[in-house]
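First listed ligand is number 1; within each ligand, the first listed atom is number 1.
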Amino acid sequence: MAVERTLSIIKPDAVAKNVIGQIYTRFESNGLKIVAAKMAQLSQAEAEGFYAVHKERPFFKALVEFMISGPVMIQALEGENAVLKNRELMGATNPKDAAPGTIRADFAESIDANAVHGSDSAENAAIEIAYFFGK
Ligand code: RTP
Ligand code: MG
């Protein structure tokens with residue numbers, strides 16, 4: 001199994017809830033190493049650029065508004081099968097559907113305020129890591 005990297009964002013709701021450390025512990029205790037990290041207040045342009053694939057979707061405006069509503073914690077995670085591993089730890093997009101013990105089941109309120117982002121493929125992970133951390 002190849003070591004890969006993925007991009008994770010702890011969204012404004014989870015930062016406001018003061019659970020960055022609890023989420024980091026889940027990454028670390030499941031074999032994901034934090035290899036880059038920064039806290040940021042995203043601008044509207046940064047959030048729109050990051051979620052550009054969703055710009056025709058009905059939820060795009062609300063998603064951008066939410067992502068700029070407060071600081072986020074952005075990290076690159078490294079480990080075996082990191083993209084899928086992180087998605088498993090996150091749980092389903094809608095916390096109502098997220099399996100017990102996942103980050104979204106335990107910390108998210110709604111499909112909009114759903115605690116974390118994680119890249120959905122190795123290809124997108126490379127693009128998203130470069131978007132926030134450069135090469
Ligand atoms: P993310 O990109 O944030 O990791 O989440 P995801 O892959 O599980 O979900 P995605 O389909 O990429 O959607 C991105 C974010 O948009 C919000 N969303 N709202 N109201 C809705 O139907 C709806 N669908 C998606 C969610 O906050 C989701 O995380
Ligand atoms: Mg996604």
Item to check | For Asp106, all residues meeting salt bridge (Lys or Arg N to Asp or Glu O under 4.0 Å), sequence neighbours excluded | outcome: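 If we apply the salt bridge (Lys or Arg N to Asp or Glu O under 4.0 Å) test to Asp106, skipping adjacent residues, the hits are Arg26.
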Item to check | Partners passing salt bridge (Lys or Arg N to Asp or Glu O under 4.0 Å) against Glu78 (at least two apart in sequence or in another chain) | outcome: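 Residues passing salt bridge (Lys or Arg N to Asp or Glu O under 4.0 Å) with Glu78: Arg5.
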Checklist entry - Could you walk me through whether Arg104 and Glu109 pass the salt bridge (Lys or Arg N to Asp or Glu O under 4.0 Å) check? => result CA-CA 8 Å; Arg104 283 168 166 164; Glu109 301 300 332; over 6 Å; no
Show the atom names and distances, to 0.1 Å, of all donor-acceptor pairs under 3.5 Å that link a side chain in residues 57-67 to residues at least two apart or in another chain.
| residue | atom | partner | partner atom | Å |
| --- | --- | --- | --- | --- |
| Arg57 | NH1 | His54 | ND1 | 3.2 |

Checklist entry - Near ligand 1, which residues have a heavy atom under 4.0 Å away from one of its atoms? => result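 Contacting ligand 1 under 4.0 Å are Lys11, Tyr51, His54, Phe59, Leu63, Arg87, Met90, Thr93, Arg104, Ile111, Asp112, Asn114, His117, Gly118.
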Checklist entry - Can you tell me how far CD1 of Ile10 sits from CD1 of Ile103, rounded to the nearest 0.5 angstrom? => result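 Between Ile103 CD1 and Ile10 CD1, I get 7.5 Å after rounding to 0.5 Å.
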Checklist entry - Do Lys85 and Glu4 meet the salt-bridge criterion of a basic N to acidic O distance under 4.0 Å? => result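 So Glu4 does not pair with Lys85 through a salt bridge.
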